[in-house]
Structure formats: structure tokens, C-alpha cells
Amino acid sequence: VSCWIPILQGKKLILAGDHCQLAPTIMSKSAESMGLGDTLFDRVRRMYAKDALALLSIQYRMHADISDWSSEAMYNGLLQPGEEVKARLLSGLPHVSVTDETE
């Protein structure tokens with residue numbers, strides 16, 4: 001509830017997140033039935049999706065072979081790997097030995 005104080009006092013609200021990532025863990029059925037299973041981000045997404053959301057379509061963490069799966073499965077093929085990572089192998093990292101698994 002305390003999050004509403006700065007939200008209501010501010011002129012602009014910026015939320016950064018990804019609704020395709022892990023949802024909150026709700027242990028209480030009672031809490032979940034009262035709506036606590038929905039994050040503020042999810043609520044804003046449902047209410048203002050067309051006007052308020054922007055997809056950051058370039059990811060900088062995963063090799064293309066890995067990110068291609070999540071792009072297709074969760075982002076309708078819109079997520080692309082950055083040039084810096086799309087062909088990066090584990091064997092290219094410092095202190096990682098070249099093996100069949102790292103190549």
C-alpha cells in the first residue's frame with residue numbers, strides 16, 4: 001500500500017519489468033483470492049497495454065541459440081540477441097577451458 005504514496009504524488013510513473021518472467025509466489029490462498037497474486041506491473045499491463053508498454057527487443061545476455069527459443073515461446077519472435085552476445089561461447093570467457101561443452 002505504501003507504494004501508492006509516491007505514485008499518486010508524482011507526475012509520471014515508470015515501471016520496468018517483464019510480465020513473461022516469473023510470477024510472484026503466493027503461499028496463501030486467501031491472499032491470492034484478494035488479488036495479491038497480481039503485480040502492479042500486471043495490472044498496468046492489463047489496463048493500459050496499448051498506450052503504456054514498450055518492448056525492449058534486444059537482449060544482451062544469451063547466445064542466439066538460447067534466446068531464439070524464448071523469443072518464439074514468449075515474445076512472438078520479437079526478441080533479438082545483441083551483436084555482442086549472439087555468437088558468444090562459454091569458451092570465449094576468461095578462465096573457461098575449451099571443451100566440447102563450452103564450444
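All heavy atoms count here, side chains included; hydrogens, waters and symmetry mates do not.
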Practice task
Answer with yes or no whether the hydrophobic clustering places W69 together with M62; edges join I, L, V, M, F, W, Y residues whose side-chain heavy atoms lie under 4.5 Å apart.
Solution key: no

Exercise for the section: List for me each residue that meets side-chain hydrogen bond (donor to acceptor under 3.5 Å, both in side chains) alongside D68, sequence neighbours excluded, and say none if there are none. Expected result: none

Practice task
Report the residues that fulfil side-chain hydrogen bond (donor to acceptor under 3.5 Å, both in side chains) with E103, sequence neighbours left out, ordered by chain and then residue number.
Solution key: S91

Completion exercise
All heavy atoms of D65 vs all of H63, minimum pair found to be N-ND1, 3.0 Å

Exercise for the section: Flag yes if L93 and Y60 sit in one hydrophobic cluster, no otherwise; membership is Ile, Leu, Val, Met, Phe, Trp, Tyr, and two members link when side-chain heavy atoms are under 4.5 Å apart. Expected result: no

Handout entry: Set of residues satisfying side-chain hydrogen bond (donor to acceptor under 3.5 Å, both in side chains) with respect to S67, sequence neighbours excluded
Key = Q59

Exercise for the section: Please step through side-chain contact (heavy atoms from CB on, under 4.5 Å) for the pair T102 and L89, ending with a clear verdict. Expected result: CA-CA 6 Å; T102 62; L89 300 175; over 6 Å; no

Practice task
Is it possible for you to say whether V44 and L56 belong to one hydrophobic cluster, with membership spreading through side-chain heavy-atom contacts below 4.5 Å?
Solution key: no

Practice task
Step by step, work out the side-chain contact (heavy atoms from CB on, under 4.5 Å) result for L79 and S70.
Solution key: CA-CA 8 Å; L79 187 64; S70 58; 4.1 Å; yes

Handout entry: side-chain hydrogen bond (donor to acceptor under 3.5 Å, both in side chains) contacts touching residues 76-87 (sequence neighbours left out)
Key = E83-K86

Problem - Derivation of the side-chain contact (heavy atoms from CB on, under 4.5 Å) call for L90 and T99 - result: CA-CA 10 Å; L90 286 175; T99 68; over 6 Å; no

Problem - Spacing of R43 atom CZ and Y48 atom OH [to the nearest 0.5 Å] - result: 12.5 Å

Practice task
Indicate if I58 and L78 have the same hydrophobic cluster label, given that clusters are the connected sets of ILVMFWY residues with side-chain heavy-atom separations under 4.5 angstrom.
Solution key: no

Practice task
Give every residue pair that meets the salt bridge (Lys or Arg N to Asp or Glu O under 4.0 Å) criterion with at least one member in residues 16-36, sequence neighbours excluded.
Solution key: none

Completion exercise
Test side chain to side chain contact (heavy atoms under 4.5 Å, CB included), reference P24, set D38, T39, L36, output is T39

Problem - With sequence neighbours excluded, residues passing side-chain hydrogen bond (donor to acceptor under 3.5 Å, both in side chains) with R61 - result: none

Practice task
Would you kindly confirm whether L55 and F41 end up in one hydrophobic cluster when ILVMFWY residues are joined by side chain heavy atoms under 4.5 Å apart?
Solution key: no

